[in-house]
Amino acid sequence: MPVWKTFTHNGIAFPDPYVPKGLSIRYMGQEVRLSPLAEEMAYQFAKKKDTPYVQDPVFRSNFMKYFVEQLPPPANKAKFEEIDLAQFYRFVDKERAEKEAMSKEEKKALAEARKEKREALRAKYGKAVLDGKEIDLANYLAEPPGLFMGRGQHPLRGSWKPRVTAQDVTLNLDESVKELTTEFGSFGEIVHDHESIWVARWIDKLTGKEKYVWPHESSDIQQSRNREKYEKAKRIGESLSELQKEIRRKLSSKKRAEREVASVCYLIDEVGMRVGDEKDEDEADTVGATTLRVEHIKRLDDRAIEFDFLGKDSVRWVKTLSAPDPTLVKNLRDFMTGKKPGDQLFEDIGSSQVNAFLSGIIDGISAKVFRTYHATKTVEDYLGSKNMKNAPDLDKLYFAKYANLAAAIYCNHKRTIPKTWEDSLKKKEQKLEEYRAKKREQMAAKMQMEIDLVKRTKEYNLNTSLKNYIDPRVYKEWCDKVGLDWSKLYSKSLQRKFSWVAPEDGDDEEEAPSVKKARP
DNA sequence: TTCGTGACTTAGAAAGCCGGAC
DNA sequence: GTCCGGCTTTCTAAGTCACGAA
């Protein structure tokens, strides 16, 4: 089904070419002249010199694999330990020092110039016209070349990701454009796929994966899809008990595959696991429900099941399922018997069987909808658990944030704890003492709330659930009910993304009755 | 029925920027 | 006014899932 009639844009933009700086490395005491590409690689590596990445032997050896290919003999046989990148390190340090040493005015002027350039690029390439309406594009600048920064133990981490050229890129737009040449060259291919909304596409030369440029999340098309996602989650809620009944019934099916599917669905529904597609050898070893291995189950009895594994983005996933259905326990025991720790728990199924089962019960439902539904429900229940109507605004705000935290915990949205976390907490505690000493009770109370939040959100990231999982209408309704400004919870760009919920809140803050009253 | 692929959504880290404390 | 910490935005990796071909 076509989703648009007319669609035009100017293609995408490309990062500036690398400007050689005339740097060289040393190998066996000899200076080695570098090609521009080799220099670019070494420069990118040097820019990472103060991060933990460069300490990683795999990162280093992957870097070397691509780097030595660009070196003349005998340096093309070099090992990481044998090359001397000192000149690059010095150069990077110097660059940083110079930036540091710049005066305010210089910094400002530089930022200004950068912004101006970016805006000019955005004006030309950051927009499209979709069915007669101008929309913003999301990532309209092609990815620059660089070192591949895969997460966790990704086997390709540190490898060179080559530059993308216009020739590599396919554009999707309407039939009024048959070919396109810009300051960046001519685009490799033009297609007119009315059923897709991608703007541009290329194959990442390193990973072989497709990369896409999309309409911005503020565009009507993205917003309507976003809304549909939450509508779908609502539907799951309406038939959840029915769905759960069916899952439990199938737990004791005679067919093993059906018992596997039901067991997986149980886990997805009860503990919020992702479904877990099959992964390739050249990707990080992470799992979801269908790809769980025996070794990921740390405890299994009538009282509890404990899980411990690496999920998406190699984030550690540790949860306990208390009072599990006895049939599930029986199934898992059965699936585990006679297997080694590294063996897959579920043999006969994958995400497609799971989704076929689910969409057979409710049309259009798939595994990931459970996470959306439960995260939203978590927030809804939390917000409903206490009457905040007469509380101070600040209390309302913190209460809302804790609801958000509950969803983040449910989704397992972790973050690495910032280096400065301990210090910044200490500073806050100091301030709290000061306020107390000076009897500034209000400030003290405020600081106490801030400290509590900082502590409880230590290892969690609230943004991901707010952006992707929590139906914004839930917060909107609650805010309206208790009298809190919705924009206290949503950043500018999230307000734009969710303008389908509160169109009037987005752009203008006029004509609120309270404003008129406030002006005697 | 399986498998690969393409389109689309979700994810945490890093960069960038901004506003409040001094 | 300045500085700096934290919040927001950007970036792109890493998932999900439907579909078509074999």
Side-chain angles (χ1 to χ4, degrees), chain A residues 3 15 47-48 51-53 104 107-108 111 114-115 118 138-144 146 148-152 154 156-157 161 170 172 193 195-199 201 203-204 206-217 221-222 225-226 229 257 268 274-280 283-284 286-291 310-315 348-356 358-359 364-369 371-372 375 408 411-416 418-421 423-424 427-428 431 443 450 454 459-469 490-497:
Chain A
V3 291
K47 283 215 287 189
K48 298 241 152 26
T51 72
Y53 298 108
K104 313 277 151 355
K107 274 184 189 165
K108 209 168 166 190
R114 217 174 32 218
K115 191 169 179 185
R118 190 153 35 90
N139 50 330
Y140 59 88
L141 184 64
E143 292 173 15
F148 178 74
M149 304 303 289
R151 307 270 167 86
H154 197 296
L156 296 179
R157 59 196 191 276
K161 182 176 73 168
T170 302
N172 187 28
D193 181 357
E195 301 194 353
S196 296
I197 61 171
W198 57 268
V199 174
R201 180 182 69 183
I203 305 274
D204 184 299
L206 175 67
T207 62
K209 299 229 183 328
E210 317 239 3
K211 296 292 180 77
Y212 290 88
V213 175
W214 301 101
H216 192 263
E217 58 195 15
I221 182 81
Q222 295 287 41
R225 286 177 184 205
N226 188 240
K229 175 180 81 180
I268 288 171
R274 299 184 183 86
V275 65
D277 264 347
E278 213 53 60
K279 297 194 74 181
D280 279 351
E283 295 176 301
T286 63
V287 303
T290 61
T291 46
L310 294 186
K312 179 175 180 179
D313 290 304
S314 297
V315 171
D348 310 320
I349 56 144
S351 60
S352 53
Q353 282 81 3
V354 173
N355 286 328
L358 290 172
S359 61
I365 296 299
S366 63
K368 79 186 185 80
V369 188
R371 279 167 63 82
T372 313
C411 292
N412 199 48
H413 290 147
K414 301 269 186 104
R415 61 164 181 177
T416 46
K419 298 184 292 292
T420 55
W421 192 85
D423 283 350
S424 108
K427 276 184 198 163
K428 289 191 165 75
K431 267 189 196 160
M443 294 296 275
E450 202 177 319
V454 164
E459 53 174 346
Y460 289 97
N461 152 21
L462 308 194
N463 289 323
T464 305
S465 52
L466 191 65
K467 180 174 183 181
N468 300 299
Y469 284 99
Y490 291 89
S491 68
K492 268 265 154 55
S493 61
L494 282 187
Q495 287 173 45
R496 263 185 96 200
K497 174 185 172 101

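Below, chains carry the letters A, B, ... as their sequence lines are ordered, and counting in each starts from 1.
Under 3.5 Å, the side chain of A:R151 and the base of B:dG12 form at least one donor-acceptor pair of N or O atoms. Applying the 3.5 Å distance criterion, the base of B:dT9 shares no donor-acceptor pair with the side chain of A:K368.
Residue-level contact check: A:A367 touches the backbone only, with heavy atoms under 4.0 Å from sugar-phosphate atoms and none from bases. Counting any heavy atom pair closer than 4.0 Å across all strands shown, A:T207 reaches no nucleic acid atom. Across all strands shown, A:L141 has no heavy atoms under 4.0 Å from either base or sugar-phosphate atoms. The residue A:K431 sits close only to the backbone: its heavy atoms come under 4.0 Å of sugar-phosphate atoms, none of a base. Contacts of A:S351 with the nucleic acid, taken as non-hydrogen atoms under 4.0 Å apart, are absent. Using a 4.0 Å heavy-atom distance criterion, A:Y140 is classed as making no nucleic acid contact. At the heavy-atom level, A:S352 lies nowhere under 4.0 Å from the strands shown. Residue A:Q353 is classed as a sugar-phosphate contact, given heavy-atom separations below 4.0 Å to backbone atoms only. A:Q222 comes within 4.0 angstrom of sugar-phosphate atoms only, judged by non-hydrogen atoms across all strands, and of no base. At a threshold of 4.0 angstrom between heavy atoms, the contacts of A:R157 with the nucleic acid are absent. Nucleic acid contact for A:K211: sugar-phosphate only, since backbone atoms but no base atoms lie under 4.0 Å from a heavy atom of the residue. As judged by a 4.0 angstrom heavy-atom cut-off over every strand, A:P144 is placed among residues touching the sugar-phosphate backbone only. A:K209 comes within 4.0 angstrom of nothing in the nucleic acid, heavy atoms only. Counting non-hydrogen atoms under 4.0 angstrom, A:F148 reaches the backbone sugars and phosphates but no base.
Put simply, OG1 on A:T51 and CE on A:M149 are 6.0 Å apart, with the number rounded to the nearest 0.5 Å.
Under a 4.0 Å N-O distance rule, the pair A:K209/A:E283 qualifies as a salt bridge.
Comparing A:V3 and A:Y469 against DNA chain B, the residue whose closest nucleotide sits nearer the 5' end is A:V3. Ranked by how close their nearest DNA chain B nucleotide is to the 5' end, A:T51 and A:D193 are led by A:D193. Nearest-nucleotide positions on DNA chain C place A:E450 closer to the 5' end than the other of A:E450 and A:R118.
Using a 30° and 60° split on the angle between ring planes, A:Y212 and A:W198 fall in the perpendicular class, above 60°.
No hydrogens or angles considered: a donor-acceptor pair under 3.5 Å links the side chains of A:R371 and A:Y469.
With hydrogens and angles ignored, the 3.5 Å screen pairs no side-chain donor or acceptor of A:N226 with any backbone N or O of A:K497.
Residue A:S366 places no side-chain N or O under 4.0 Å from the OP1 or OP2 atom of C:dT16.
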